[in-house]
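Quick notes on the structure that follows.
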Amino acid sequence: MLRITHLFAAIAAAGLLTAPVHAAELTGTLKKIKDTGVVKVGHRDASVPFSYLDDKQKPIGYGVDICMKVVDRIKAELKMPKLKVEFVPVTSQTRIPILMGGNIDMECGSTTNSVERQKQVAFAPTYFMTGTKIIVKKSSGIKGYDDLKGKTVVFTQGTTNERAMKAYNDEKKLGINFIPSKDHAESFLAVETGRAVAFPMDDILLYGLKAGAKNPNDYEVIGEFLSDDPYAIMLRKDDPAFKKLVDSTVAGLYKSGEINKIYTKWFQSKIPPKGINLNFPMSDSLKESIKNPNDTGVGACGKMKC
Amino acid sequence: MDFGFLSQPAFSGGGTYFDWVLSGIKWTMLVSICAWVIAFTLGSVLGVLRTTKLWWLKGPATAYVELFRNVPLLVQMFIWYFVVPEIVPKTLGMWLKQGMPMPEFWSAVFALGFYTASRVAEQVRSGIQSIPVGQTHAALATGLTMPQVYRHLLLPMGYRIVIPPLTSEFLTIFKNSSVALTIGVLELTAQARTISEYTFRTFEIFTLATVVYVLITMAVTVLMQLVERRLRVPGFIGTGK
């Protein structure tokens with residue numbers, strides 16, 4: 001009951017909030033963290049290399065590293081060096097309700113900042129730029145989206161890629177048979193076992209799945225970008241004090257160049273659990289976002305109208 | 001609560017979100033009823049086999065019931081959908097995955113049907129075994145053979161006795177059909193989840209889904225009460241109130 005009372009207090013406070021971070025009165029998420037002594041960090045289990053579990057079931061990744069910088073900042077700001085960090089696993093479907101319900105304070109994964117989601121939640125500055133492509137088996141003979149006509153395609157429920165692919169299907173009248181699945185690992189399994197011929201997902205995650213497959217050379221990631229997907233830490237809406245803290249932490253990493261170290265660690269070095277190197281140099285659009293930190297979202301249907 | 005979103009055009013496929021709900025109801029009904037046909041037929045056969053004195057009939061039936069009753073439904077669903085196509089010969093496996101129409105639907109129907117059959121079998125067995133053994137002896141004494149005793153005494157009485165618990169099983173199959181969403185059948189619960197993702201009207205859509213499930217199960221209850229009343233043995237069982 002205590003936590004629910006806090007939550008109500010937090011929501012009420014967030015609504016009234018106008019004060020900056022350094023005000024004496026804490027509000028919103030920061031007050032909740034101060035009162036409970038715990039910061040709750042949402043993570044994913046198979047979003048390689050952003051947020052996933054290593055062989056000891058510990059959440060790691062590029063997004064998790066950036067979030068830990070935010071946690072360090074919260075510790076300093078609240079003068080709570082012993083602040084407890086609690087990791088909470090979330091999925092594509094649960095991340096928004098869990099965040100809004102207060103069971104996590106920020107989500108560090110592979111969440112696209114979209115205009116539609118901004119009606120429900122807020123985002124920190126973009127920390128990665130990707131877009132929708134598809135992964136297929138080389139033996140399938142699929143060379144582009146139009147080869148998917150009448151074929152079966154698997155998607156992960158609750159993703160922006162689902163929408164981008166469906167919008168493309170509607171526009172081009174491909175008559176694709178869609179099957180839903182609950183997470184990326186299961187979607188990839190459907191392609192691996194031949195139940196579906198393709199899986200639309202952010203290309204970087206597809207490279208991660210390919211690298212972790214039993215026979216990585218059996219698969220290829222193909223197609224033009226169906227959508228642009230800027231990733232960012234997801235926060236509760238209407239909590240400017242907390243957002244400001246997170247924003248300035250992320251922008252600080254960009255300014256100091258520390259982001260390059262974190263980027264190299266996850267995208268251009270060997271990563272756990274299998275010691276694979278994704279060899280994914282920083283894209284120009286990400287360099288641009290790092291130069292000018294921003295939380296601009298993208299439209300709901302990728303590059304199609306909807 | 002604002003249900004206005006139901007009449008909005010849905011994101012994909014042309015219809016409104018209400019059409020998605022209707023399609024969800026359709027698949028819930030189809031999965032449940034097809035699975036019930038399997039469960040009732042197979043369950044009846046197994047239930048009868050478990051009451052015979054012949055070990056080579058009784059043994060396999062008992063093994064079936066213990067296996068299917070003791071493995072969680074969710075696990076069975078995954079086995080039929082993901083594992084079976086990989087262990088059968090390759091051509092058959094590919095047909096199961098891509099060749100046959102609606103592989104998710106049929107996997108769900110068979111998984112749910114085979115699972116519920118084990119439960120129906122137990123009900124049928126208990127119905128038959130609840131008939132006093134004296135009646136069987138009396139029937140045999142009048143010159144009926146054992147198959148005739150089943151046909152004219154044990155089955156007609158046994159089924160009537162177990163109508164109430166069978167009603168529960170029939171209701172349960174509608175509720176268990178929601179597990180089919182884990183292998184990609186877009187039945188009512190799956191549609192509710194999808195709609196909640198697209199519209200963020202989580203509270204409204206799940207309230208609607210709840211009401212629909214209650215209406216379906218109430219309709220089944222009324223139907224089964226009619227059956228019960230129709231088939232009752234006066235002064236004995238099945239008053240149908």
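Lettering follows sequence order; numbering is per chain, from 1.
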Those residues of residues 138-153 of chain A, ordered by number, that approach chain B below 4.5 Å (heavy atom to heavy atom):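 Hits under 4.5 Å: none found.
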Looking just at side-chain N and O atoms, do A:Gln93 and B:Arg193 make a donor-acceptor pair shorter than 3.5 Å?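 Side-chain D/A pair, A:Gln93 to B:Arg193: present.
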Looking at [options], which makes the most heavy-atom pairs under 4.5 Å with chain B?
options	result
A:Thr193, A:Asn169, A:Ile96, A:Asp170	A:Thr193
A:Glu186, A:Gln120, A:Lys182	A:Gln120
A:Ala196, A:Pro97, A:Ala190, A:Gly194	A:Gly194
A:Arg195, A:Glu162, A:Gln157, A:Lys119	A:Arg195

If contact means a heavy atom pair closer than 4.5 Å, which residues of residues 64-92 of chain B contact chain A?
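The residues closer than 4.5 Å to chain A, in numerical order, are B:Phe78, B:Tyr81, B:Phe82, B:Pro85, B:Glu86.
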- Query: Where along residues 198-215 of chain B does a heavy atom come under 4.5 Å of chain A, listed by residue number?
  - Reply: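 Within residues 198-215 of chain B, near chain A: B:Tyr198, B:Phe200.
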Is it the case that atom CZ in B:Arg119 sees more than 12 heavy atoms from other parts of the structure closer than 6.0 Å?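 Atom CZ in B:Arg119 is not crowded, with 12 or fewer foreign heavy atoms closer than 6.0 Å.
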Other residues, nucleotides, ligands: >12 heavy atoms within 6.0 Å of B:Met102 CE |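 Counting other residues, nucleotides and ligands, CE of B:Met102 exceeds 12 neighbours.
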Requested in this report: Applying side-chain contact (heavy atoms from CB on, under 4.5 Å), name anything that partners B:Leu186, two or more places apart in sequence or on another chain.
Outcome: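 B:Leu186 satisfies side-chain contact (heavy atoms from CB on, under 4.5 Å) with A:Pro180, B:Ala190, B:Gln191, B:Thr194 only.
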